[in-house]
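In what follows, a single structure is set out as structure tokens and then discussed.
Every chain is numbered from 1 and lettered A, B, ... according to where its sequence line falls, protein lines coming before strand lines.
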Amino acid sequence: AQECEDLKAERQRRQERIKQKQSQLQELIVQQIAFKNLVQRNREVEQQSKRSPSANTIIQLPFIIINTSKKTIIDCSISNDKFEYLFNFDSMFEIHDDVEVLKRLGLALGLESGRCSAEQMKIATSLVSKALQPYVTEMAQGSVN
Amino acid sequence: SSLTPSTAYTYRFTGSPSKELSDINQMIRQGGV
Amino acid sequence: QEVLEQVELLKANIADLELQERELDMQKACLQQSIKQLNEDPYSCRYSYVMHEDICDAFSGDTLLAVMAPSGTQLEVPVPEMGHNGQKKYQVNLRSHSAPIQVMLINRE
């Protein structure tokens with residue numbers, strides 16, 4: 001009976017670890033699909049407009065966005081070599097990474113929330129390796145950790 | 001900069017999962033509680 | 001007898017979970033390698049950008065700081081402290097070791 005209890009605890013620990021690893025894998029799948037979609041979108045836009053956007057209108061990945069209200073007073077100190085910045089805010093802010101921006105632009109095809117159309121699922125599975133397609137199908141059908 | 005590492009949250013570009021930023025945002029929202 | 005059967009069943013369960021976990025570890029390692037290659041591929045890098053409009057569409061906040069920095073740059077946010085004037089101070093510290101950091105202020109208006 002004691003061995004039985006120990007094995008139950010071991011099984012519980014493994015199930016939790018697997019759940020966490022599935023969640024991390026799903027996050028990486030979303031990241032790869034969103035990134036590939038972004039590259040595809042920009043290439044198509046440039047081909048259609050037959051020109052590249054000017055450098056001061058784009059933000060190159062990787063980046064983060066610090067988002068705050070317009071009333072916030074921001075004090076910024078910069079080292080001479082621009083290797084170090086110190087920002088002081090007098091009000092709250094939020095920080096988001098580039099993957100979050102791509103999700104909000106719809107480039108993750110709704111996978112992050114498990115709401116995917118059949119067409120989007122088809123595109124998503126075409127952007128990952130065969131071994132990952134079952135995971136994408138699962139996510140598209142709503143089982144997102 | 002009065003950064004006392006024991007009470008600072010960190011995130012690494014391209015290296016850290018997005019969740020670490022969510023933790024930072026939550027900490028800021030809660031006013032550092 | 002019943003407990004013995006349960007022990008055998010649990011051992012089989014745990015063996016399955018071990019295989020599942022190993023598969024996940026392998027998939028994650030492959031995918032991380034693939035993402036790394038994508039990030040380093042000159043062709044992909046050429047098109048890995050967003051427009052200012054994209055950022056404004058994605059966030060409702062009025063003041064946005066876009067921080068472009070090389071991989072590995074460290075961002076540090078200390079727990080907010082009470083300033084001398086009784087107001088909370090919120091701080092962000094960025095430290096790069098490989099290339100300068102660029103910060104762009106994007107103001108919706």
Under the 3.5 angstrom rule, does the side chain of [X] hit a backbone N or O of [Y] as a donor-acceptor pair?
| X | Y | value |
| --- | --- | --- |
| A:Thr57 | A:Pro53 | no |
| A:Gln141 | A:Glu138 | no |
| A:Gln133 | A:Thr125 | yes |
| A:Lys103 | A:Ala108 | no |

Please flag which part of [X] lies under 4.5 Å from any non-hydrogen atom of chain A: side chain, backbone, both or neither.
| X | result |
| --- | --- |
| C:Met51 | both |
| C:Ala69 | backbone |
| C:Thr73 | neither |
| C:Asp54 | both |
| C:Leu4 | neither |
| C:Gln102 | backbone |

Chain C heavy atoms under 4.5 Å from [X]: which part of the residue, side chain, backbone, both or neither?
| X | answer |
| --- | --- |
| A:Leu28 | both |
| A:Lys71 | neither |
| A:Asp75 | neither |
| A:Asp81 | backbone |
| A:Tyr85 | both |
| A:Ile29 | both |
| A:Ser91 | backbone |
| A:Gln24 | side chain |
| A:Ile95 | side chain |
| A:Glu46 | side chain |

In terms of heavy-atom pairs under 4.5 Å, which option from [options] contacts chain C the most?
| options | result |
| --- | --- |
| A:Val101, A:Val45, A:Ile65 | A:Ile65 |
| A:Arg43, A:Gln32, A:Glu100 | A:Arg43 |
| A:Phe63, A:Phe83, A:Phe87, A:Phe89 | A:Phe83 |
| A:Arg14, A:Gln15, A:Gln31, A:Lys36 | A:Arg14 |
| A:Asn88, A:Asn56, A:Leu102 | A:Asn88 |
| A:Glu10, A:Met92, A:Gln40 | A:Met92 |

Note to self: For a side-chain hydrogen bond (donor to acceptor under 3.5 Å, both in side chains) check, start with the C-alpha distance between A:Glu94 and A:Thr68, then their side-chain angles and the critical distance, and finish with the verdict.
What the structure shows: CA-CA 6 Å; A:Glu94 276 186 348; A:Thr68 185; over 6 Å; no
With a cut-off of 6.0 Å (strictly less than), are more than 12 heavy atoms of other residues, nucleotides or ligands near [atom1] of [X]?
| X | atom1 | answer |
| --- | --- | --- |
| A:Lys82 | NZ | no |
| C:Leu19 | CG | yes |
| C:Glu2 | CD | no |

Next item on the list: Indicate whether the side chain of C:Ser96 and that of A:Glu84 have a donor and an acceptor atom separated by less than 3.5 Å.
Entry: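 There is no such pair between these side chains.
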Next item on the list: Verify the distance criterion only: is there a donor paired with an acceptor across the side chains of C:Gln6 and C:Glu8 at less than 3.5 Å?
Entry: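 C:Gln6 vs C:Glu8: no donor-acceptor pair found between side chains.
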Margin query: Please report the interatomic distance CZ(C:Arg95) to CD(C:Glu76), rounded to the nearest 0.5 Å.
Written below: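 Answer rounded to 0.5 Å: 5.0 Å.
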Below 4.5 Å, heavy-atom pairs only: which of [options] has the largest tally toward chain A?
| options | value |
| --- | --- |
| C:Ser48, C:Cys45, C:Ser34 | C:Ser48 |
| C:His97, C:Glu23, C:Gln32, C:Arg46 | C:Arg46 |
| C:Leu105, C:Leu9, C:Val50 | C:Val50 |
| C:Ile14, C:Val3, C:Asn13 | C:Ile14 |
| C:Met104, C:Glu53, C:Glu18 | C:Glu18 |

Do [Y] and [X] meet the salt-bridge criterion of a basic N to acidic O distance under 4.0 Å?
| X | Y | value |
| --- | --- | --- |
| A:Lys19 | A:Glu16 | no |
| C:Lys89 | A:Asp90 | no |
| A:Glu3 | C:Lys11 | yes |

Margin query: One pair to check against side-chain contact (heavy atoms from CB on, under 4.5 Å): A:Phe93 and C:Val77. What are the steps and the verdict?
Written below: CA-CA 11 Å; A:Phe93 56 75; C:Val77 177; 4.1 Å; yes
Next item on the list: With salt bridge (charged side-chain N to carboxylate O under 4.0 Å, His left out) as the test, would you mind laying out the steps for A:Arg41 and A:Glu44 before giving the verdict?
Entry: CA-CA 5 Å; A:Arg41 178 200 81 164; A:Glu44 285 165 7; over 6 Å; no
